[in-house]
Engineer: 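What follows is a single structure, and I will ask about it in a moment.
Just so you know, these numbers use all the heavy atoms, side chains as well, and skip hydrogens, waters and symmetry mates.
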Amino acid sequence: MTATIFDTQDYNYPDNYNEIRPKLKRLEQAIKNLEANLIEADSNANTEMLGQRLADDLNLTVDYASELNPNQLLAATTVDGKVLVIAGAGSGKTKTLTYRTSYLIENGVPPSQILLLTFTRKAANEIKNRAQTLLASSASDSHSLNSSLPNSKVLNDITSGTFHSFCNRLLRQYSGLLGINPRFTILDTGDAEDAIDLVNKEKKYPTQTNIQAFPRKKTLQNIISTSRNRRIHIRDLIEANYPDIAVHIPIIEQLAVDFHEYKRANHLYDFDDIISQVVRHLKTNDTFRQLLQQTYRYIMVDEYQDTNIPQKQLIDLICQPDSVSLMVVGDDNQSIYAFRGANYENILLFGETYPAAKLIKLEQNYRSTPAILDYINALSEQITLGYQKQLYSKIKIAGQKPVFCRLSDERKEAKYIADTVIELKPDYDYNDFAVLCRTSFQSNYIQLEFMERNIPFIVVGGIKFIERRHIKDVLAFVKILYNPNDTISWHRILTLFKGVGAVTATKLTQAINADNNSFEPLLAAPFAKKSEQLKPLYAVLTKASQAESVEQIIDDILDFYIPILKFIEDNWRERSEDFRVLKNLAQEYNSLDNFLENLALDPPNDSIAAMGKTESGSNDDNDKVTISTIHSAKGLEWPVVFVNSLVDGMTPHHRSLSDFEELEEERKLFYVACSRAKTRLYLTAPDYFASYSGYFDKPSRFIAELSADKVSVETVKKYTFESDEPAWW
DNA sequence: GATCCGTGAGTTTTT
DNA sequence: CTCACGGATC
């Protein structure tokens, strides 16, 4: 046992390891089976032959063999069958997918047969654009006489995007075949909560609130969604994770059914429906399934470790025929989305699903210094279950070991980080720094400190533009123009008015839907007298429904809505700033379909209003320190990375301390955070953290578990902090 | 039936 | 701190 930096600490570890032991056994077996199908470039004389064959192939203009490392080359050129690529952090995963895409095209695969599923749309576009550039530049400096080179348009025919955007497109494109209305509305999580609340109130279930309060809508949404994505019955889920509300199980089960029917009746799809409904159609509609199987012959899935069960089913259903080529890429060390239903077992069971599958590993790291790699490899060893892997670098200079520094409190921690940024700034741009937090709330002190020190920063993750109340309000108007059956939006709009509450709103919505979705009931007998504003509402909806452009619609709505906002919010002026952003977005779209779809599935995730404020005189608008949640930092990298709040109970989060699998995920989360760093990694922890949820004062076990030689421990004395006096004294 | 106000309970990560 | 609910009041 090697010494650790905190020998005196002891931690309570989850005690449910034995319960899940059978499951782990199964996973271990599947891993072992697939490891047996590992194909490696080094041990395989084929690689040289492969390189030679590629070099001889006159149809190829890109020099794959010299631009990729041997295993990347293998991944890029292994086309047939089912393949899992374990791509370690910083191993050139995007590059490999880019070259593979180009390789497919060069080998005559029609782009329309390629399906590329990624975690974000940005990732999909990046791969497509880079492949495009690759093909174009190679074509221009190549002596090849190949005349069938793809022109610049061709790559647009590749189907790419997130699971959600892909399924959304399928539902609309094949609405006829599937017998559904193509003009459906997408409910984001907040909308789904509202819908559940609405159904709950309308149905007036006989809840026994005298025994135990009925759960709030947020909890209900969470339970229903988790139940679907993890395929756990509501009863089992509640008994295991929400034992307090067990008395309400029958009602919640009924609510889930009624909620589902409500969505179907009103052409509403929440995030889960978008995927699950496609899966259901694939299972039951042979024509549809065969159509997709014939259309998509080459399928690539990125971030496979973060897929959930419905997403895996979707892939498996399309890939059923042996002739369909499937390559899934991921890193089991980086599965961090279980809270959203992601199932880390998918990647571990790949060998069970596809016994003939091949395994390729990318272990050469192009990102981090050897000292940092040493650290993250040590972290990786602490992860109980997974494919064998060891990242290595060809960089000779070891670089600086990760630094661990413990400070007396969160303010000191923030000061330390700011101090270090300023100290290193001469050698770096602000762009080169990132502060990664377990929860968005943990960045508060950092933000304050950076503001005081005039360090420019941008916050990623946290409160999203699209979730702000006034944006949701305006979009509700747009949504009912698109889908008048969108009862959630109707409800939202109608309750804005004085004299109209939940009951009137529901009745009015029903009247409108019953009247073939005309707006007339707004003017008719029982409702018109409820509020002075229903008449102007009728006018603006009528006007906006005839508008020529998305931008015009937004303008019409804003004319009507801003006076209302003025009345209900005192900071309306500040909020109105956001409307500029909304209008700019609207200008980019020429149809409501695309506008709403993009806003729902690919929302602008940084609050642009906040960005505008920090530009106090600085010309260099883009040079900013990134402050981000760890989740939002996935896939990114920075030369200098700070990971803060490394107190046991914050990282790992206290809610995960009693469950083996949840704790493992926290460990992976920390792994993701550390593996973002290229040259310097700073780990910081305050002495304690106190909130209503508990008092925590031990350093994170993730740091304590490693042998002491992996980090250098820095003492705060080196830094002279400014006075603790508030600025206004 | 709508709204206002006081009280009490819950706060991770996001397509 | 924020959200939801119960009860009083319009």
Engineer: Rounded to the nearest Å, what distance is computed from the CD1 atom of residue A/Ile245 to the P atom of nucleotide B/dA9?
Structural biologist: 16 Å
Engineer: Whole-Å distance between B/dT14 C1' and A/Asn308 CG?
Structural biologist: 13 Å
Engineer: How many Å lie between CD on A/Glu303 and P on B/dT13, as a whole number?
Structural biologist: 20 Å
Engineer: Write out all pairs satisfying salt bridge (charged side-chain N to carboxylate O under 4.0 Å, His left out) with one or both partners inside residues 332-344 of chain A, taking only residues at least two apart or from two chains.
Structural biologist: A/Asp332-A/Lys389
Engineer: Which residues pass the ring pair (Phe, Tyr, Trp, His ring centres under 6.0 Å) test with A/Tyr262, not counting sequence neighbours?
Structural biologist: none
Engineer: Say whether A/Gln221 and A/Thr189, considering side chains only, have a donor N or O and an acceptor N or O under 3.5 Å apart.
Structural biologist: no
Engineer: May A/Tyr337 be described as stacking on the base of B/dT13, applying a 5.5 Å centroid limit and a 30° limit on plane angle?
Structural biologist: no
Engineer: B/dA2, B/dT14, B/dA9: which one has an atom nearest the side-chain heavy atoms of A/Thr504?
Structural biologist: B/dA2
Engineer: Applying salt bridge (Lys or Arg N to Asp or Glu O under 4.0 Å), name anything that partners A/Glu410, two or more places apart in sequence or on another chain.
Structural biologist: none
Engineer: Checking A/Phe259 now: which residues fulfil ring pair (Phe, Tyr, Trp, His ring centres under 6.0 Å) with it, not counting sequence neighbours?
Structural biologist: none
Engineer: Between B/dA2, B/dT14, B/dT15, which one does the side chain of A/His164 approach most closely?
Structural biologist: B/dT15
Engineer: From the list B/dT13, C/dA4, B/dT15, which nucleotide is the closest neighbour of the side chain of A/Lys217?
Structural biologist: C/dA4
Engineer: Which is more 5' along DNA chain B, the nucleotide nearest A/Thr219 or the one nearest A/Thr162? Just name the residue.
Structural biologist: A/Thr219
Engineer: Find which nucleotide of DNA chain B each of A/Lys218 and A/Gln311 is nearest to by heavy atoms, and output the residue with the more 5' nucleotide.
Structural biologist: A/Lys218
Engineer: Tell me whether the side-chain N/O atoms of A/Ser440 come closer than 4.0 Å to OP1 or OP2 in B/dT13.
Structural biologist: yes
Engineer: Output the single nucleotide from C/dC3, B/dT14, C/dC5 whose closest atom is nearest the side chain of A/Lys201.
Structural biologist: C/dC5
Engineer: Over how many whole Å does the gap from A/Leu508 atom CG to B/dG1 atom C1' extend?
Structural biologist: 15 Å
Engineer: Using heavy atoms and a sub-4.0 Å distance, could you list which residues of residues 652-667 of chain A are near DNA chain B? By number, please.
Structural biologist: A/His653, A/Arg655
Engineer: A/His491 NE2 to B/dG1 C1': how many Å, rounded?
Structural biologist: 13 Å
Engineer: Residues two or more places apart in sequence or in another chain: which of them pass ring pair (Phe, Tyr, Trp, His ring centres under 6.0 Å) with A/Phe119?
Structural biologist: A/Tyr337
Engineer: Between A/Phe339 and A/His631, is a ring pair (Phe, Tyr, Trp, His ring centres under 6.0 Å) present by the stated rule, with each step listed?
Structural biologist: CA-CA 12 Å; A/Phe339 69 91; A/His631 284 88; 5.4 Å; yes
Engineer: Rounded off to whole Å, could you give me the CG-to-C1' distance for the A/Leu596 and B/dT15 pair?
Structural biologist: 17 Å
Engineer: Grab the CD-P distance between A/Gln221 and B/dT13 for me, whole Å please.
Structural biologist: 15 Å
Engineer: Return the set of residues passing salt bridge (Lys or Arg N to Asp or Glu O under 4.0 Å) with A/Lys479 (not counting sequence neighbours), or none when no residue passes.
Structural biologist: A/Asp191
Engineer: Counting just side-chain N and O atoms, does A/Ser165 come under 4.0 Å of either OP1 or OP2 of B/dT15?
Structural biologist: no
Engineer: I need the residues from residues 186-197 of chain A with at least one non-hydrogen atom less than 4.0 Å from DNA chain B; give them sorted by number, or say none.
Structural biologist: A/Thr189
Engineer: Pairs in or reaching into residues 643-663 of chain A: which pass salt bridge (charged side-chain N to carboxylate O under 4.0 Å, His left out), with residues at least two apart or in two chains?
Structural biologist: A/Lys23-A/Glu661, A/Asp648-A/Arg701
Engineer: Roughly how many Å is it from CZ in A/Phe214 to P in C/dC5, rounded to a whole number?
Structural biologist: 10 Å
Engineer: State which of C/dC3, B/dT15, C/dC5 makes the closest approach to the side chain of A/Arg340.
Structural biologist: B/dT15
Engineer: Less than 6.0 angstrom from the centroid, inside 45 degrees of the normal: does A/Arg667 satisfy that with respect to the ring of A/Phe702?
Structural biologist: no
